[in-house]
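In what follows, every chain begins at residue 1, and chains take the letters A, B, ... in the order their sequences are listed.
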Amino acid sequence: MPEFRLYNTLTRSKEVFEPLSPPRVNMYVCGITAYDEAHLGHARAAVVFDVLYRFLRYLGYRVVYVRNYTDIDDKIINRALREGRSWQEIAEQYIREYQEEMAALGVLKPTHEPRATEHIPEMIALVERLLARGVAYVVDGEVYFAVEKFPGYGKLSGRRPEDMLAGARVEVSEKKRNPLDFALWKAAKPGEPFWDSPWGPGRPGWHLECSAMSLKYCGETLDIHGGGLDLIFPHHENEIAQSEAATGKPFVRYFVHNGLITVNGEKMAKSLGNYVSVKELLSRYHPETIRLFLLTKHYRSPLDYTEQAIKEAEKALYGLYGSLYFLQRIKSVREGELRKGGRRLAQALETFQQRFVAALADDLNTAVALGEVFNLLSEVNRFLPAAREATSAEAQLATEVLRVIKDLPGALLGVGGADPESFIQGERERKLARRGLSRREVEERLQAREEARKARDFARADALREELLRLGVEVRDTPWGPFWMVEA
RNA sequence: GGCGGCGUAGCCAAGUGGUAAGGCGACGGCCUGCAAAGCCGUGAAUCCGGGGUUCGAAUCCCCGCGCCGCCUCCA
């Protein structure tokens, strides 16, 4: 096994990953605030940490993976008010949708998915600890964290408190002693949901839940804490302050942050109207297309969504499954060893396994890992023609290649692991449905074309192929008969 | 004003000191009834520009130019 090197935002460098008490790894990733539908950015975070989770398990670690839900917050309350529903209903709806969509994307379920409102006592207890330590103060039923009492404040984001005050927009509140102080407990305004606390009715501040829940499920020190780059400040900075001030222990060993999504080069935002929802993407593309698109760029870099880019991902994925589809059809026609092409593929397979894992071990470089998959694929395609009359050893090699693709990119990236036959058939059906075509319409024409070809009536055969193309169906003739796919 | 990132072929994207992965596209050849797919080959005198360090730099340093993110809720 290669060493796993992971970029740590705390040190701004790649480090060899060593958990505190192997083989256990505690990983806590900030989930969503359940007030609206999930967008591509949420999917990216979920997929990136899903790959990290899968890879850690592949390396033999026992991973406790926690991803939380913020189910009480201003935005949830506002939406509830606007729609005349309860905040619980709003949160419940978007959590459920998120779970369904992530499942559709092949994102594995975390070990725990705690919700903020189910941990109010833990949060209150944490606030009390902070008060007891003298790093928090109470004003009018609210509790604030006193940033100047925590010497390390700013160590994650690389900001000095002095700098943050100059020229920056910080929330103004007369209640705070220092503008950088943040709320641990907010007093309830009339009509707002609240929980009783030693400081009066109110609700927890946003940052507090992650500290309280990670403490409960993972202990005082996390091996990995993740989230989007946009959470570095203030969210994760504040979590560090709260947690370390309370426990006196390092909160996190490795902070991992994924890059953000842009759309046609612009920040994705509702106000810009360029919001890409997961629901819509799932209606148009196979989940693996979306995963492939998300993983073609290194997780820390910004990723630009364009129609062209996701279509390219789809094309590449179809190419992958197309080759696997034929590989799967290879049958042994006689006993025998590998011939030249087989030996070459066997060698490529070995190289592939080693390089694929090495790529992921280098800070989860999925772009390189995928490049290796396509390198292997190119060898598969070279092998294919001669393997129509496969020897027993060649047929076995074909099975071996399929197994490796399923076990490495399939199991670790969630790309390429489906049964090729099912994938192809499934995509045909899906695309036909989108175009309002029936399978029968396609098959009748294919059949007629085959008959025309047998009769060497190529004019008619070509006319039928043209007709299919106009319907969006591309046909190509293979040794195994006509193979067809439907255009996007 | 502060902090950070990015600029690599037509497009996307790896590579962070040893002589440019991969995807999409383009062109030529093979294959094909013709196509398509695939395979083979072509394609960056060179990595935004300029200086510097080094035997050697896309990779390190400095100075510019351009783009972007964060500093307020945000994956």
If you look at every strand shown and take non-hydrogen atoms under 4.0 Å, does [X] touch a base, only sugar-phosphate, or nothing?
X: A:N365; value: sugar-phosphate
X: A:R449; value: base
X: A:H39; value: base
X: A:R300; value: nothing
X: A:L260; value: base
X: A:A367; value: base
X: A:F374; value: sugar-phosphate
X: A:L384; value: nothing
X: A:G259; value: base
X: A:V475; value: base
X: A:D462; value: base
X: A:T478; value: nothing
X: A:G41; value: base

Counting only Watson-Crick or G-U wobble pairs whose two distances fall under 3.5 Å, which nucleotide matches [N]?
N: B:rU59; value: none
N: B:rG66; value: B:rC6
N: B:rU46; value: none
N: B:rG1; value: B:rC71
N: B:rC39; value: B:rG29

For atom [atom1], what is the distance between [N] and [M], given to the nearest Å?
N: B:rA37; M: B:rG29; atom1: P; answer: 16 Å
N: B:rG5; M: B:rC62; atom1: P; answer: 12 Å
N: B:rG4; M: B:rC61; atom1: P; answer: 13 Å
N: B:rC55; M: B:rA14; atom1: P; answer: 32 Å
N: B:rG15; M: B:rU59; atom1: P; answer: 15 Å
N: B:rA57; M: B:rU16; atom1: C1'; answer: 10 Å
N: B:rA9; M: B:rC63; atom1: C1'; answer: 28 Å
N: B:rC3; M: B:rU46; atom1: C1'; answer: 33 Å

Looking at [N], I'd like to know if its phosphate oxygens (OP1 or OP2) sit under 4.0 Å from a side-chain N or O belonging to [X].
X: A:K315; N: B:rC24; answer: no
X: A:R382; N: B:rC40; answer: yes
X: A:N375; N: B:rA21; answer: no
X: A:K267; N: B:rC70; answer: yes
X: A:N381; N: B:rC39; answer: yes
X: A:S157; N: B:rC71; answer: no

*Taking for each residue the nucleotide of RNA chain B bearing the nearest heavy atom, is the 5' side occupied by A:N258 or by A:K297?*
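It is A:K297 whose nearest nucleotide is closer to the 5' end.
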*Quick one: on RNA chain B, does A:K14 or A:R453 contact a more 5' nucleotide (nearest heavy atom)?*
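Between the two, 5'-proximity favours A:K14.
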Separation of [N] [atom2] from [X] [atom1] (nearest whole Å):
X: A:H235; N: B:rC71; atom1: NE2; atom2: P; result: 14 Å
X: A:Y318; N: B:rG38; atom1: OH; atom2: P; result: 15 Å
X: A:I330; N: B:rG38; atom1: CD1; atom2: P; result: 17 Å
X: A:N238; N: B:rC70; atom1: CG; atom2: P; result: 17 Å
X: A:I310; N: B:rA13; atom1: CD1; atom2: P; result: 14 Å

Closest nucleotide among [options] to the [X] side chain:
X: A:F233; options: B:rA35, B:rC71, B:rA14; value: B:rC71
X: A:E312; options: B:rC34, B:rA75, B:rC11; value: B:rC11
X: A:V368; options: B:rA75, B:rA14, B:rG2; value: B:rA14
X: A:C30; options: B:rA75, B:rA37, B:rA13; value: B:rA75

*Quiz item: cation-pi between A:R5 and A:F17, 6.0 Å / 45°*: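 Checked: cation-pi criterion not met.
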*Determine, for A:Y28 and A:R67, whether the Lys NZ or Arg CZ falls below 6.0 Å from the six-membered ring centre while staying within 45 degrees of the axis.*
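Because its charged atom misses either the 6.0 Å distance or the 45° angle limit, A:R67 does not stack over A:Y28.
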*A:E350 and A:Q354: side-chain donor and acceptor closer than 3.5 Å?*
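No - no donor-acceptor pair under 3.5 Å links their side chains.
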_A:T33 and A:D73: side chain donor to acceptor below 3.5 Å_ =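 No, no side-chain donor-acceptor contact under 3.5 Å.
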*Looking only at non-hydrogen atoms, find the nearest pair between A:C218 and A:L222 and report the distance.*
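For A:C218 and A:L222, the tightest heavy-atom pair comes out as CB-CD2, 3.4 Å.
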*How are the rings of A:H225 and A:H236 set relative to one another: parallel (under 30°), tilted (30 to 60°) or perpendicular (over 60°)?*
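Ring orientation of A:H225 relative to A:H236: tilted.
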*Identify which one of A:R115, A:E209, A:E113 satisfies the side chain to side chain donor-acceptor pair (under 3.5 Å) criterion when paired with A:Y69.*
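Answer to the side chain to side chain donor-acceptor pair (under 3.5 Å) test with A:Y69 among A:R115, A:E209, A:E113: A:E113.
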_Side-chain-base donor-acceptor pair under 3.5 Å for A:R465 and B:rC34_ =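 Indeed, a donor on one side and an acceptor on the other fall under 3.5 Å apart.
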*Neighbour count above 12 (heavy atom, 6.0 Å) for A:Q88 CD*: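 More than 12 heavy atoms, drawn from other residues, nucleotides or ligands, come within 6.0 Å of this atom.
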*Start with the C-alpha distance between A:F233 and A:H235, add both sets of side-chain angles, then the distance that settles ring pair (Phe, Tyr, Trp, His ring centres under 6.0 Å), and finish with yes or no.*
CA-CA 5 Å; A:F233 189 87; A:H235 187 52; over 10 Å; no
